[in-house]
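A short worksheet on the structure shown next.
All values below come from the heavy atoms of this structure, side chains included, with hydrogens, waters and symmetry mates left out. Proteins get letters first, then strands, A, B, ... in listed order; numbering begins at 1 in each. In this text the structure is predicted, and so the values were computed from the model without any measurement.
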Protein chains: 2
Amino acid sequence: MQGGDRFIDGYLLYLLARASSIASAEFHQEIRRCGYTVAHWRVLAALKGIDGVTVGDLADICLANQPAISKTIEKLVGMGLVERSSDDTDRRRVRVCLTRDGDAAVDLLIAAAREHQARLVDAMGHDETTALVRALTRVIERSVAG
Amino acid sequence: MQGGDRFIDGYLLYLLARASSIASAEFHQEIRRCGYTVAHWRVLAALKGIDGVTVGDLADICLANQPAISKTIEKLVGMGLVERSSDDTDRRRVRVCLTRDGDAAVDLLIAAAREHQARLVDAMGHDETTALVRALTRVIERSVAG
DNA sequence: CTTATAATTATTCCTTTTCATACAATAACG
DNA sequence: CGTTATTGTATGAAAAGGAATAATTATAAG
């Protein structure tokens, strides 16, 4: 796409963003084919297997800001995939849960995600994958700490 | 933020996206403090040291789609940081270059980016960093191939 | 040369995100 | 208690992003 010695080629954050973007592109397309947005998918996946997550926690988990999550939840409620309930101990908080339909929908998406991941891991090799996981985990630790 | 064994905790694409998001958050905030958006920064950084890049190539490099880049370029032209010129050999193509002001502006941003990266590499350690770069490079290779 | 197909960028329309703010509930403090 | 601060969520206006398409230029085929 270009030779030379561009700044961005040695820039770590660019490499990270590019790897994430490229690796996710294919599966994100599959999500859209299923009739969901990436934002939908992230919220649904974050809710899988958990009784109730607050809006703020969802924002952290889904790498989005709070208003965006509020609106995504509103959509998912309209689609019948998610429901809100107020927390009894702190009535400011809104606990978000999957509905029965939402749970079934996310199961399908998670199955597709697992298949996609299996193909990626297969292409990369097991050792390379564990090296990647270790490195990414360290990035997260160090970034949060620093 | 939650214990349990959530699906997303073992999901590689989520780990990638999360690492990228967290690692970039601090510097992206610095970009905004300087009066730029992340989109501005990516285009400017992609242009540094290159005579002229087409809109389509910028879209690839900047991990955005083509219309988004067209609009970002329009903004940057208005800010006097970038200029368009038509390619003589193919008049469909638009070659985008940094202006003198744009070059000076991106130099400051790149200096800040280098400092930020130096701090991150320092926190991670040299060996861990090279392991990360190797792993990310492999992800990109394998994803593009597959 | 003409027509058809492909490639490149801009534009349009609609959805989504973002920023700021408002509102409600809790916490802290005198 | 009453008052002020802080926290959690929703809302509204403005900006950005994305999908589809239009417009222009290149290339290929006949």
Side-chain angles (χ1 to χ4, degrees), chain A residues 1-2 17 20-21 24-44 46-47 52-79 82-97, chain B residues 1-2 17 21 24-25 28-29 31-44 46-47 52-79 82-97:
Chain A
M1 191 188 313
Q2 186 84 18
S20 179
S21 174
S24 300
E26 194 180 9
F27 184 64
H28 285 180
Q29 202 169 345
E30 190 168 341
I31 289 173
R32 284 186 290 272
R33 274 195 298 270
C34 295
Y36 303 100
T37 68
V38 174
H40 293 162
W41 155 242
R42 287 198 171 151
V43 170
L44 293 174
L47 292 175
V53 185
T54 68
V55 173
D57 284 347
L58 279 176
D60 284 343
I61 298 170
C62 299
L63 315 176
N65 59 9
Q66 178 265 312
I69 294 295
S70 277
K71 287 159 189 170
T72 300
I73 291 171
E74 183 62 30
K75 297 278 170 57
L76 292 173
V77 169
M79 299 164 77
V82 144
E83 60 190 2
R84 282 174 292 216
S85 61
S86 66
D87 186 342
D88 291 334
T89 70
D90 185 342
R91 289 188 343 232
R92 293 171 300 184
R93 292 183 189 167
V94 171
R95 290 159 32 87
V96 182
C97 299
Chain B
M1 191 188 311
Q2 187 83 16
S21 173
S24 300
H28 285 180
Q29 202 169 345
I31 289 173
R32 284 186 288 272
R33 275 196 298 270
C34 295
Y36 303 100
T37 68
V38 174
H40 294 161
W41 155 241
R42 287 196 171 152
V43 170
L44 293 174
L47 293 174
V53 185
T54 68
V55 174
D57 284 348
L58 278 175
D60 283 343
I61 298 170
C62 297
L63 315 176
N65 59 8
Q66 178 265 313
I69 294 296
S70 277
K71 292 163 191 171
T72 300
I73 290 171
E74 183 62 29
K75 300 276 175 58
L76 292 172
V77 168
M79 299 165 77
V82 144
E83 60 192 2
R84 282 174 291 217
S85 61
S86 65
D87 186 343
D88 291 333
T89 70
D90 185 343
R91 291 193 336 238
R92 292 172 299 186
R93 291 185 189 165
V94 171
R95 289 159 32 87
V96 183
C97 299

For DNA chain C, find the residues of residues 35-43 of chain B with a heavy-atom distance under 4.0 Å and give them by number; none if there aren't any. none
Return the OG to CZ distance between Ser85(B) and Arg95(B), rounded to the nearest 0.5 Å. 5.0 Å
Quick one, Thr37(B) and His40(B) - any side-chain contact, counting heavy atoms below 4.5 Å? yes
From the 5' end of DNA chain C to its 3' end, which nucleotides mark the outer limits of contact with chain A, defined by a 4.0 Å heavy-atom distance cut-off (strictly under)? dT16(C) to dT26(C)
Checking Arg32(B) now: which residues fulfil salt bridge (Lys or Arg N to Asp or Glu O under 4.0 Å) with it, not counting sequence neighbours? none
For nucleotides 5-13 of chain D, 5' to 3', base contacts (B), sugar-phosphate-only contacts (S) and non-contacts (-) with protein non-hydrogen atoms under 4.0 Å give --BSBBBBB
Quick check: does any side chain N or O of His28(A) sit under 3.5 Å from a backbone N or O of Ala25(A), one acting as donor and the other as acceptor? no
Measuring from atom CD of Glu83(A) to atom CG of Leu47(A), what distance do you get when rounded to the nearest 0.5 angstrom? 10.5 Å
Rounded to whole Å, the CD-C1' distance (Gln29(A) to dA19(D)) equals 12 Å
Residues two or more places apart in sequence or in another chain: which of them pass ring pair (Phe, Tyr, Trp, His ring centres under 6.0 Å) with Phe27(A)? Trp41(A), His116(A)
Flag, side chain of Ser24(A) to backbone of Ser20(A), donor-acceptor distance under 3.5 Å: yes
Distance below 4.0 Å between Lys75(B) side-chain N/O and dA16(D) OP1 or OP2: yes
Pairs where residues 65-78 of chain A contributes a residue and the test salt bridge (Lys or Arg N to Asp or Glu O under 4.0 Å) is met, not counting sequence neighbours: Glu74(A)-Arg84(A)
Atom CD of Gln66(B) and atom CG of Asp60(B): how far apart are they, to the nearest 0.5 Å? 11.0 Å
Which residue is it: Val94(A), Thr72(A), Val53(A)? I am looking for the one with a side-chain contact (heavy atoms from CB on, under 4.5 Å) to Leu58(A). Val53(A)
